[in-house]
Protein chains: 2
Amino acid sequence: MHDLIMFLRENGIQATPQRLAVATVVLGSRTHPTADNVWQKVRKICPTASRATVYNTLNLFIEKKLVKPQFLREGTVVFDSLAGPHHHFIDEATGRIYDVPWDAVKVRLDESLEAFDIHAYQVVMRGRRRRNAPKN
Amino acid sequence: MHDLIMFLRENGIQATPQRLAVATVVLGSRTHPTADNVWQKVRKICPTASRATVYNTLNLFIEKKLVKPQFLREGTVVFDSLAGPHHHFIDEATGRIYDVPWDAVKVRLDESLEAFDIHAYQVVMRGRRRRNAPKN
DNA sequence: GTTCGTGCAAACGGTTTGCAACAAT
DNA sequence: ATTGTTGCAAACCGTTTGCACGAAC
């Protein structure tokens, strides 16, 4: 898409087929893919893309704040397609990670926390998703 | 200590010099050491302890619920000496992780979360610790 | 023609595993 | 004798890096 090229350019990123593929996969995804997940999908769109380029591109996107890395799992980083702050729920049975809307959790920080200058926070929940649960 | 041996035995763990060293280091620590941090300290107490044994022992302790692994950082797990639930604050400048008492943060979960059967949650905060901050 | 992006393979760092020696029961 | 524990080295897996080629300005 031409507007995707524009979008990248606006963020100081020169568009290339590989980067467009990574952007398509990672920006248009409600999931929380690992770098390798991204690579698997990217190769289908752009078979020449190497693992190194995918990693480099993801790091570039992090630097340019197009995606946010999350440390929610052992051993690997997952990428957040980033549309405003939100919380996370991790299904302990499947390992799947769900976004939880910001307003679904109310957090009140005690005064005792004045020792910390808190720039950001998130609630990380673990458990099991109920069987007949609605979308997301 | 004899009571430490007892404690391990109560948890179905056969005491050995290596395991006692790991227990001493990891259970009696307010910090959040990585496996390698633990190894460094353990070798001073028990020079024969190998890296593999420290890793194996830590995994054993996780399995027996004596410590809890936390995924708060890229690339490495840190271990929580585990005395009841609490939250975490990560100093973005130093990387240091601080325990935040459970009551210092009040969390109210919305009804919309009924889709999830939440077993546990924690708040992860990031920012900078203030210079003249009190203990912990 | 200099800069930037890429692919490949090698290197890297944290962690696990196979195996042979060794206690402990 | 069987079972469990250890040390070592090698394997492993996710990620980064060095380098030479190629495309873009």
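Every heavy atom of this structure was used, including side-chain atoms; hydrogens, water molecules and symmetry mates were not.
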Interatomic spacing from NE2 in A:H88 to CG in A:D80 - rounded to 0.5 Å
4.0 Å
Supply the atom-to-atom distance A:L109 CG to B:K106 NZ, rounded to the nearest 0.5 angstrom.
10.5 Å
What is the separation between atom [atom1] on [X] and atom [atom2] on [N], rounded to the nearest whole Å?
X     : N      : atom1 : atom2 : value
A:Q18 : D:dA24 : CD    : C1'   : 13 Å
B:Q14 : C:dA23 : CD    : P     : 13 Å
B:R9  : D:dT5  : CZ    : P     : 12 Å
B:L8  : D:dG4  : CG    : P     : 17 Å
A:R73 : D:dT15 : CZ    : C1'   : 16 Å
B:Q40 : C:dG13 : CD    : P     : 14 Å
B:L20 : D:dT5  : CG    : P     : 13 Å
A:I13 : C:dT6  : CD1   : P     : 11 Å

Is the backbone N or O of A:Q14 less than 3.5 Å from a side-chain atom of A:R19, with the two atoms forming a donor-acceptor pair by type?
yes
Check: A:S112 main-chain N/O paired with A:D110 side-chain donor or acceptor under 3.5 Å:
yes
Taking every heavy atom of A:L72 against every heavy atom of B:F71, the minimum-distance pair comes out as O-CD1, 3.7 Å
When you measure from every atom of DNA chain D, which of residues 49-68 of chain B have a heavy atom less than 4.0 Å away?
B:A49, B:S50, B:A52, B:T53
Quick note, A:E74 side chain, CB onward, closest among C:dT15, D:dT16, C:dG5 is C:dT15
So, does B:T76 get its side chain near the phosphate of C:dT15, meaning an N or O under 4.0 Å from OP1 or OP2?
yes
So, OP1 or OP2 of D:dT6: does either fall under 4.0 Å of a side-chain N or O from B:T16?
yes
For A:V78 and B:R19, take the nucleotide of DNA chain D holding the closest heavy atom to each; which residue's nucleotide lies nearer the 5' end?
B:R19
Going by side chain to side chain contact (heavy atoms under 4.5 Å, CB included), A:V67 matches just one of A:N59, A:V22, A:V26. Which one?
A:V26
Run the ring-ring contact (aromatic ring centres under 6.0 Å, His included) test on A:F116 and B:Y98 for me, step by step, so that the C-alpha distance in whole Å, both residues' side-chain angles and the decisive distance to 0.1 Å come before the verdict.
CA-CA 10 Å; A:F116 302 115; B:Y98 297 88; 5.6 Å; yes
Just call it for B:T48: base, sugar-phosphate, or nothing, with non-hydrogen atoms closer than 4.0 Å on any strand.
sugar-phosphate
